[in-house]
Each structure stands twice: as C-alpha cells, then as structure tokens.
Amino acid sequence: MEFGLTKKQELFIELFEKFAQEEVKPIAAEVDEEEKFPEETVEKLQKYGFMGIPFPKEYGGAGATDLEYAICVETLSKYCATTGVIVSAHTSLCASPIYMFGTEEQKQKYLRPLIDGSKIGAFGLTEPNAGTDASGQQTFAVLDGNEYVLNGSKIFITNGGKADTYIIIAMTDKSKGTKGISAFIVEATTPGFSIGKKELKLGIRGSATTELIMKDCRVPKENLLGKEGEGFKIAMKTLDGGRIGIAAQALGIAQGAIDETITYVKERKQFGRPIAAFQNTQFQLADMQTKVDAARLLVYRAAWNKSQGLPYSKEAAMAKLFASETAMEVTTKAVQLFGGYGYTREYPVERMMRDAKITEIYEGTSEVQRMVVSAAMLK
Amino acid sequence: MNIVCLLKQVPDTTEIKINFETGTLIRDGVKSIMNPDDRAGLEEALKIKDVNNAKVTVITMGPPQAEIMLKEAIAMGADEAILVSDGRFAGADTWATSSTLAGVLEKVDYDIIIAGRQAIDGDTAQVGPQTAEKLKIPHVTYVEKIEEVHDDYLIVHRQFEDSYHLVKVETPCLLTTLTEMNKPRYMSTYGIVDAYDHDIIKWNLDDIVVDPSNIGLAGSPTKVRKTFTKEASKKADLFEGSPKEAAHLIVDELHKRNLV
C-alpha cells in the first residue's frame with residue numbers, strides 16, 4: 001500500500017497552489033461579494049490546461065488522471081469555491097460524459113474545444129419537479145426528421161449562461177420511465193435555447209446558476225449522446241464522477257478554513273495569550289484536521305479508483321458524503337474560533353461556511369449519497 | 001534558433017533561517033526553488049520561442065535532486081534539459097562552476113545563452129560573465145529587456161542605476177537577466193505530463209570538455225575561511241525634531257561627511 005504522492009503529482013500541486021495563491025485568492029472575496037463570474041481567471045485556467053486535466057492528449061487533454069483533477073479542484077477551492085465548481089462542473093458534468101459516451105465525431109466536435117479551453121461546459125438534469133427524483137423529467141425531446149425538438153426547462157444549472165456546450169437530459173419515451181430518458185449535446189447558440197432566471201445564492205455566489213429554457217429547440221439527430229433511452233444511465237454515471245469533483249471542492253473549502261484558522265489563532269490574543277495556547281482551540285483544531293485528512297483519503301481513493309478503471313460509484317458517494325459534511329462542520333467551527341470577527345466579511349471563514357453548505361446538496365444530496373452507499377452494501 | 005538557459009536550484013531564502021552560533025544557513029526542511037533571476041531568463045527564452053522558431057534547452061549543474069527543477073522548466077515549455085551532475089564537481093566556486101558550464105556548452109548548439117544575473121544563495125553574479133569569457137563570446141549583464149531578436153544580433157536594455165544602455169550584441173552571446181523583467185509563466189498541466197514523458201539528459205565529467213584541474217573544490221581558487229553574520233559596527237545617529245527639521249539635520253550631516 002502506498003499513500004505518498006509521486007514527484008509528478010507534487011509538481012502538479014506546486015502548480016495548482018501557486019496559481020491559486022496568485023490568481024484565485026486575491027479576488028475570491030470580490031467574486032463572492034459582487035456575485036461575479038471570474039471570466040479572467042477562467043481564461044487563465046484554460047490557458048494553463050486546467051479545463052481538461054483527466055483526458056488523453058489525443059483530444060487535447062493534459063493526459064493526467066482523475067486524482068490530479070481532484071487535487072486541482074481541492075486546491076482552487078481552498079481559496080475560492082466558486083472557481084473550484086466552475087472547473088468541476090465543466091470537467092465532470094460536460095466533458096466527461098462526452099468522453100465516456102460520445103461518438104468519435106462528437107468528441108472531435110465538442111470534447112476537443114471543451115478540453116483545449118475554447119468552450120465552457122455545463123449539464124442540465126434538474127427540473128422544478130425532478131430533483132433528487134431525477135426520473136420525473138418533464139423536458140421532452142421528440143424526433144422530427146433529422147432533428148430532435150426539445151421543450152422544457154432546467155433549473156439550478158451551474159455555469160448556466162456562461163457555457164457554450166450543454167448536456168441536456170430529456171424524456172424521449174415517457175412510457176418507458178427511466179429507460180425512456182435520453183441525453184443530448186446542445187449548443188448555447190441553438191435557436192429556441194435560452195437562459196432564464198439567475199439564482200441569488202447563499203454561497204458560491206460567483207458561480208453562475210441559472211434556469212435553461214428550451215422552446216422548440218431543434219437539435220441535430222447526431223447530437224444524441226449514447227443511444228436513445230440511455231440518458232438516465234449516462235446522467236447517473238456522470239454524477240458518479242461529478243461527486244469526486246464536489247467532494248474535492250468540499251475538501252478544499254474545509255482545508256482552506258483550517259489554514260485561515262491556524263494563522264488567526266496564533267495572532268488573536270485573549271487573557272494575555274494567543275488563543276492557540278488554549279486547549280479548547282488545540283483540541284478543536286486536532287478534530288478538524290483529523291476529519292479533513294480522513295475526507296482527503298476518501299476523496300483520493302475514489303479518484304484513484306476511477307483513474308485505475310476500478311468501480312468508484314460507492315467510493316465517490318462516500319467521499320462526497322463525508323467531505324461535504326466535514327466541510328460544513330469544519331467551517332462552522334472555524335467561524336466559532338474566529339469569534340465575532342469570523343462572522344464578519346473582514347475574514348474569509350464566513351464565506352467558506354456559506355460555500356460549504358451547497359456541497360451537501362448539489363450533485364446528489366447527502367441523503368442520496370447514503371442511498372447510493374447503502375444500496376451498494378445491500379445488493 | 002537555439003537558446004540555452006543556465007538554471008540553478010537554490011534554497012528558498014524567503015524561508016531560510018540562520019544558525020547564529022555557526023553562522024551557517026539552516027537548510028533542513030527548506031524548499032528548493034529555481035533561482036528567480038534564472039526563471040526570468042527562462043521566461044525570456046520561452047517568449048522568444050513563442051514567436052520564433054526556437055529550441056530552448058535548459059542546463060543545470062547540481063546534485064541529482066535538481067532534476068525536479070528541470071522537469072519544472074520543461075513543464076513551463078522548455079524543449080530539452082541537461083543535468084550535469086558528478087561528485088567530482090562538488091565544492092565548486094564560481095570559477096570552477098563556469099569552467100564546468102563552459103565545458104558543457106562546448107558540446108551544445110547555442111545562439112543565445114541566458115543566465116540569471118545572480119543566485120539568491122551566493123549572490124556573486126560571476127558565473128554568467130565568466131562562462132561567456134571562457135567560451136570567448138560577448139555578453140551583456142543586467143538585461144532588463146530584450147528589445148529585438150535577429151538571426152545574427154540582439155538589441156537589449158542593460159539596466160543602470162537611473163537609466164539603461166541600449167546594447168546591440170552579436171550572436172552567439174550570453175545575457176544575464178533580472179527577476180523584475182517579467183512575470184514568468186506557470187507550468188501547464190499538459191507540460192507537467194510532457195516533462196515526465198521526457199527523459200532528462202544526464203552528463204557527468206566524462207561527457208564534457210573541461211580541464212579537470214579547473215573543476216570542483218580543488219579547481220576553486222576561492223577558499224571560504226569563515227562565514228559569519230555581520231554585526232553593525234557603528235551605532236546609528238538619531239536625529240530628533242519634526243520630520244522637516246530632521247530632514248535638514250540629515251542633509252547637513254551627509255554634506256558634512258561629503259556623502260552628497
């Protein structure tokens with residue numbers, strides 16, 4: 001058994017850390033405060049190859065693995081969870097299903113630009129009446145000649161309005177239930193495709209979260225991803241991978257909060273001593289880091305399994321469940337250790353606490369993760 | 001066009017601590033980094049490569065651990081890397097280092113050699129110019145900008161205290177570069193993968209053209225007798241009064257000592 005990272009992975013960490021400290025950290029508060037999608041950062045992420053880490057070089061990817069990708073999302077999220085989820089949704093929810101299920105033509109046409117960074121990706125599954133119960137899709141796709149005609153709407157779509165390429169899940173045959181669901185690659189410029197309401201959120205406020213509206217949106221037949229009826233399977237498989245990204249985001253948020261807290265408790269004095277000298281602080285920190293390290297091992301295991309072609313559905317669900325709940329707990333404790341200052345926007349821990357909450361909800365709530373894990377245990 | 005960058009791996013002196021009893025640097029646990037002036041030089045080489053058909057080769061003389069720095073250089077965009085490592089080079093001062101590097105460069109094609117102005121651990125600024133002298137090629141130190149690149153000459157800015165010199169220099173030549181001249185690019189994710197798919201060329205004494213009496217500790221005319229932290233020899237003069245009065249007092253004192 002080997003727990004150490006390779007020299008190559010250490011070099012990746014050096015890159016991610018340097019980039020995050022210089023390009024992401026300085027604007028993280030502004031991105032949150034102004035609900036600003038960090039366009040300039042995304043351009044730099046594209047330039048340095050952060051948008052296609054786990055894909056092979058033949059499609060323009062970095063040729064690295066899901067582990068390096070997870071470490072990338074973790075490191076970006078240490079400083080800015082918004083930036084972390086932009087990379088995660090793009091990579092796991094859009095590029096990845098095209099890589100896994102796309103035809104060679106689809107890969108050349110859609111995957112390549114997503115990976116080389118000229119396009120941003122997003123994924124549309126959730127609807128007002130189809131959240132955790134993703135089978136209740138009310139977006140319909142009807143074949144008409146050489147085109148599918150899509151009608152319906154999606155909500156809470158990460159990178160909505162900023163993405164050029166969307167994976168849209170829609171019902172093609174309602175009588176078949178989940179086996180009547182299909183997946184489509186939809187370009188943002190397709191007539192009939194539009195962006196609806198932009199959500200105002202508690203956290204990850206710089207991330208664009210919008211409604212997608214499809215009204216007689218005609219998509220070429222060749223943009224069907226996989227076969228008709230495979231949409232639900234594609235969506236579930238996509239979310240299995242996406243959970244590794246969100247788990248990594250949660251892990252980063254939690255570690256970021258601990259790092260901030262360590263600096264603060266050494267400086268903040270009460271009763272004539274730095275609060276780091278009090279055993280309560282010490283024990284809290286020990287508990288926080290222990291949980292975060294445990295989360296890291298789960299996240300890295302899931303990513304490693306995926307990179308090795310091993311089953312990872314249960315492992316990814318466990319990683320997301322534990323990392324997200326740890327992020328919520330650790331950031332809440334961080335705010336408490338900061339006291340009144342922690343509640344203000346003078347310090348980043350309140351933002352981290354707000355950002356942490358979503359990791360327990362999106363790409364499958366904690367309850368869904370428990371369903372996935374227990375189903376795998378009891379089958 | 002062939003560009004060669006000379007790189008040195010140094011301890012990150014922003015993190016380094018000094019053992020005041022022995023006067024030596026405590027290197028334990030201190031990260032090694034690419035010397036900042038050298039990194040700026042590499043960035044200049046890569047900028048030339050961005051717009052010209054150039055091959056960038058990076059060379060370092062150092063212990064086997066320096067390989068990671070060469071990987072980093074490839075991950076930034078360098079095409080080839082040579083690690084010159086041999087126990088017989090140990091203890092080299094600037095003379096022995098430049099002799100060794102010149103011996104390496106005798107076997108490498110180059111139009112432009114770029115070295116950092118100086119390394120943050122030794123701060124001598126000697127290795128670049130000495131190497132050029134041994135190769136009998138022109139050199140320009142303290143380059144703060146490369147203005148023009150032509151097949152047979154370059155035009156560069158050489159930094160001076162309050163001005164710069166515009167220098168035209170024929171190639172092949174050697175430049176020494178300054179940290180402040182650019183913001184070096186990051187490695188890229190694909191570059192890191194390339195760096196690990198790419199073998200670093202490893203040379204030892206037997207692979208280069210050098211007089212063995214000019215290398216290593218024995219070939220180093222510099223002998224370090226003692227290392228110590230300099231103590232302030234004179235107490236500071238304190239001037240009292242308002243800032244304006246104090247300024248006058250300081251100016252008077254400087255005139256009195258013929259310093260202005």
Side-chain angles (χ1 to χ4, degrees), chain A residues 5-26 40-76 83 87 90-91 95 112 114-117 307, chain B residues 7 9-12 14-15 29-36 38-40 42-43 46-47 49-51 58 60 62-79 81 83 85 179-180 182-200 202:
Chain A
L5 295 171
T6 62
K7 289 259 181 238
K8 181 173 163 186
Q9 285 160 342
E10 285 173 11
L11 211 53
F12 270 104
I13 291 178
E14 197 174 315
L15 165 63
F16 299 147
E17 199 49 66
K18 193 170 160 68
F19 183 93
Q21 285 187 21
E22 292 177 6
E23 307 290 343
V24 177
K25 187 181 181 187
E40 287 173 12
T41 314
V42 172
E43 279 173 27
K44 290 175 193 161
L45 290 166
Q46 292 169 330
K47 180 177 169 190
Y48 290 104
F50 285 49
M51 301 300 256
I53 294 172
F55 304 108
K57 294 216 162 188
E58 59 177 302
Y59 297 111
T65 76
D66 289 276
L67 186 52
E68 287 82 26
Y69 159 63
I71 295 172
C72 174
V73 175
E74 175 192 355
T75 311
L76 296 172
T83 309
V87 175
H90 166 92
T91 308
R112 203 168 255 289
L114 287 168
I115 289 179
D116 74 19
S307 72
Chain B
L7 307 179
Q9 192 185 40
V10 293
D12 186 353
T14 56
E15 289 180 17
V30 176
K31 224 178 112 204
S32 292
I33 58 169
M34 188 187 300
N35 182 52
D38 305 356
R39 184 185 288 275
L42 174 58
E43 173 61 24
L46 296 172
K47 271 160 66 179
K49 184 186 159 184
D50 288 341
V51 289
V58 291
T60 193
Q65 305 88 280
E67 182 171 342
I68 186 105
M69 177 190 66
L70 297 178
K71 296 278 190 196
E72 185 183 349
I74 293 176
M76 286 170 72
D79 302 289
L83 173 63
S85 195
T179 302
E180 52 270 32
N182 57 39
K183 182 179 185 293
R185 67 196 64 193
Y186 299 104
M187 295 179 272
S188 64
T189 58
Y190 44 87
I192 293 174
V193 173
D194 283 346
Y196 277 87
D197 288 341
H198 192 110
D199 285 331
I200 304 278
K202 290 174 185 167

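Here is the naming used below: chain letters follow the sequence lines, and residue numbers restart at 1 for every chain. Note that these values count all heavy atoms, side chains included, but never hydrogens, waters or copies made by symmetry.
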*If you count heavy-atom pairs under 4.5 Å between each of A:Phe12, A:Tyr48, A:Phe16 and chain B, which one has the most?*
A:Tyr48
*Taking atom CG of A:Leu11 and atom CE of B:Met69, what is their separation to the nearest 0.5 Å?*
12.0 Å
*asked:* Nearest 0.5 Å, please: how far is NZ in A:Lys8 from CD1 in B:Ile68?
replied: 12.0 Å
*Assess whether atom NZ of B:Lys47 is packed by more than 12 heavy atoms of other residues, nucleotides or ligands within 6.0 Å.*
yes
*Could you name the residues of residues 65-73 of chain A that have a heavy atom within less than 4.5 Å of a heavy atom in chain B?*
none
*Hey, mind stepping through A:Lys7 and B:Lys71 against side-chain contact (heavy atoms from CB on, under 4.5 Å) and telling me if it holds?*
CA-CA 10 Å; A:Lys7 289 259 181 238; B:Lys71 296 278 190 196; over 6 Å; no
*asked:* Report, in residue-number order, which members of residues 182-194 of chain B are under 4.5 Å from chain A by heavy-atom distance.
replied: B:Lys183, B:Arg185, B:Tyr186, B:Met187, B:Ser188, B:Thr189, B:Tyr190, B:Ile192, B:Val193, B:Asp194
*Is chain B contacted by the side chain of A:Lys47, its backbone, both, or neither, given a heavy-atom distance below 4.5 Å?*
backbone
